[in-house]
Student: 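Dumping the structure here so I can ask a few things about it.
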Amino acid sequence: MLNLLEIYKQEFGKTKKSLGQHFLTNTHIMDKIIESANIVKGSKVLEIGPGCGVLTYRILEKGAELLAVEIDGELVNFLKRYLHYYQSFNIVHSDFTKIDGSILHGKYIFVGNLPYYIAVQILEKCTELIDHVESLVFMFQREVAERIISPSKTKSYSSLSVFCQYFFEIKRVMNISGANFYPNAKVESTVLRFIPRKREFSENDEKAFLSLVKSSFLSKRKMLKNNLKGVIDISLIPLFFKRDNVRAEELSLVEFIEFFRFLRNVG
């Protein structure tokens, strides 16, 4: 069995902190990610940030068709050298957040151990490419994952929660300690699985809806009428909610959707 992590250590000696590189070492976790993503022979997979290829190799061994996007040119060359014999493997040297969707053909299972510093931007890019998404299975810093899956009326609930839950049904797969990485990570990680859900609005209304949500959480301590002053006619807030002391953190995704529709209906 090809041990790409050991080969990487021999060739490079260390990872690049500037790119947030931490490579999985636990093969059981890698297999659990593949299982939760339902990757089988013939699956079309897009891996974001394959790193030294520990997960990449196991996906290819499953017989999947794999497109990898890697920002580190040295790792692109590394993977081309050691995985070139897999005809189903293709790698693009690029920042995923800047790729052109025209390189994608059909729907893919997206997987990745996302660099913590750019994880949210990668998620946003995935929503732009959502017509190509069958599912997403991503690893995040646990704190970020909690914000993504938090329900309303909880401490971690935020505009990110509403944004992600608008586009996807989300399930926690597992939590992972920092000891399962090379080099060891100082924080815990969480793997989440995302399945696209039915979109509620047209493209233009969707942008307006997400903008409203973002403005609503501008300051979590402030009431909706203060955050949305100058954005909407705030006299409409008590008409819809029957009170004016509403805060964004109290509102579920469904309530945000219904409130937006109400605003649209009254012009």
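Owing to the predicted nature of the structure, the values given are computational and were not obtained by experimental measurement.
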Student: Passes side-chain contact (heavy atoms from CB on, under 4.5 Å), Leu224 versus Ile234? Steps please.
Tutor: CA-CA 8 Å; Leu224 213 58; Ile234 60 172; over 6 Å; no
Student: Hey, mind stepping through Phe256 and Tyr166 against ring-ring contact (aromatic ring centres under 6.0 Å, His included) and telling me if it holds?
Tutor: CA-CA 10 Å; Phe256 267 115; Tyr166 171 80; over 10 Å; no
Student: Counting only N and O atoms by type, is there a donor-acceptor contact under 3.5 Å from the side chain of His93 to the main-chain atoms of Ile71?
Tutor: yes
Student: For Phe78 and Leu4, work out which heavy atoms get closest and say how close.
Tutor: CZ-O, 3.7 Å
Student: Parallel, tilted or perpendicular: which fits the ring planes of Phe259 and Phe241, with parallel below 30° and perpendicular above 60°?
Tutor: tilted
Student: Locate the shortest heavy-atom distance separating Phe262 from Leu236; write the atom from each residue and the value.
Tutor: CE2-O, 3.7 Å
Student: Could you tell me whether the side chain of Ser43 and the main chain of Ala64 form a donor-acceptor pair under 3.5 Å?
Tutor: no
Student: Only one of Leu79, Asn3, Leu83 clears side-chain contact (heavy atoms from CB on, under 4.5 Å) with Tyr57; which?
Tutor: Leu83
Student: Taking everything shown except Arg243 itself, do over 12 heavy atoms lie less than 6.0 Å from its CZ?
Tutor: yes
Student: Check whether any side-chain N or O of Ser161 sits under 3.5 Å from a backbone N or O of Arg147 as a donor-acceptor pair, and report yes or no.
Tutor: yes
Student: What I'd like to find out is whether the side chain of Cys126 reaches to under 4.5 Å of the side chain of Phe96, using heavy atoms alone.
Tutor: yes
Student: Should we count NZ of Lys222 as having more than 12 external heavy atoms under 6.0 Å?
Tutor: no
Student: Heavy-atom count around His84 NE2 within 6.0 Å, excluding the residue itself: above 12?
Tutor: yes
Student: Which atom pair, heavy atoms only, marks the closest approach of Asn227 to Ser216?
Tutor: ND2-O, 2.8 Å
Student: Check whether more than 12 heavy atoms from other residues, nucleotides or ligands sit under 6.0 Å from atom CD of Glu143, and answer yes or no.
Tutor: no
Student: Does NZ in Lys16 sit with more than 12 non-hydrogen atoms of other residues, nucleotides or ligands closer than 6.0 Å?
Tutor: yes
Student: Considering only NZ, NE, NH1 and NH2 on the basic side and carboxylate oxygens on the acidic side, decide whether Arg58 and Glu61 come within less than 4.0 Å.
Tutor: no
Student: Quick check against the 3.5 Å criterion: does Tyr8 have a side-chain atom that pairs as donor or acceptor with the backbone of Lys14?
Tutor: yes
Student: Does a donor on one side chain and an acceptor on the other come within less than 3.5 Å for Asp233 and Ser235?
Tutor: yes
Student: Mind listing the closest non-hydrogen atom pair of Tyr157 and Lys220 along with its distance?
Tutor: O-NZ, 2.7 Å
Student: Is the NZ atom of Lys44 crowded by more than 12 outside heavy atoms at less than 6.0 Å?
Tutor: yes
Student: Please give me the minimum heavy-atom distance between Phe110 and His132, naming the atom from each residue.
Tutor: CE1-O, 3.5 Å
Student: If only atom types and distance count, is the side chain of Glu255 paired as donor or acceptor with the main-chain N or O of Ser252 below 3.5 Å?
Tutor: yes
Student: Is there a side-chain contact between Met223 and Asp244 in this structure, where contact means two heavy atoms from C-beta onward sitting under 4.5 Å apart?
Tutor: no
Student: Are Tyr108 and Val137 grouped together when hydrophobic residues (ILVMFWY) are joined by side-chain heavy atoms under 4.5 angstrom apart?
Tutor: no
Student: Is Glu146 salt-bridged to Arg172, cutoff N-O under 4.0 Å?
Tutor: yes
Student: I want to check something: taking the side chain as every heavy atom from C-beta on, are Lys207 and Glu203 in contact at a cut-off of under 4.5 Å?
Tutor: yes
Student: For the residue pair Thr56 and Glu47, confirm or rule out a side-chain donor-acceptor distance under 3.5 Å.
Tutor: yes
Student: Within this structure, what is the CG-CD1 distance for the pair Asp95 and Ile122, rounded to the nearest 0.5 Å?
Tutor: 7.5 Å
Student: Is there a side-chain contact between Leu114 and Val144 in this structure, where contact means two heavy atoms from C-beta onward sitting under 4.5 Å apart?
Tutor: no
Student: Okay, side chain of Glu70, backbone of Gly51: is any donor-acceptor separation there less than 3.5 Å?
Tutor: yes
Student: With distance as the sole test, does Asn113 use its side chain to make a donor-acceptor pair with the main-chain N or O of His22 at under 3.5 Å?
Tutor: yes
Student: Quick one: does any side-chain atom of Asn180 pair with a main-chain N or O of Ser177 as donor and acceptor, under 3.5 Å?
Tutor: yes
Student: For the backbone of Gln21 and the side chain of Thr15, can you confirm whether one donor and one acceptor N or O come within less than 3.5 Å of each other?
Tutor: yes
Student: Looking at Arg199 and Phe167, would you say the former's side chain and the latter's main chain have a donor-acceptor pair under 3.5 Å?
Tutor: no
Student: Measuring from Phe89:CZ to Leu60:CG, what's the distance to the nearest 0.5 Å?
Tutor: 6.5 Å
Student: Minimum heavy-atom separation for Asp131 to Lys107, with atom names?
Tutor: O-NZ, 3.1 Å
Student: Between Glu134 and Asn38, do the side chains contain a donor N or O and an acceptor N or O under 3.5 Å apart?
Tutor: no
Student: Grouping I, L, V, M, F, W and Y whenever their side-chain heavy atoms are under 4.5 Å apart, do Leu104 and Ile195 come out in a common cluster?
Tutor: no
Student: If we check side-chain contact (heavy atoms from CB on, under 4.5 Å) with Ile34, which of these qualifies: Leu55, Val45, Ile109?
Tutor: Leu55
Student: May I ask you to check if Lys9 and Tyr182 form a cation-pi contact, with NZ or CZ under 6.0 angstrom from the six-membered ring centre and within 45° of the axis?
Tutor: yes
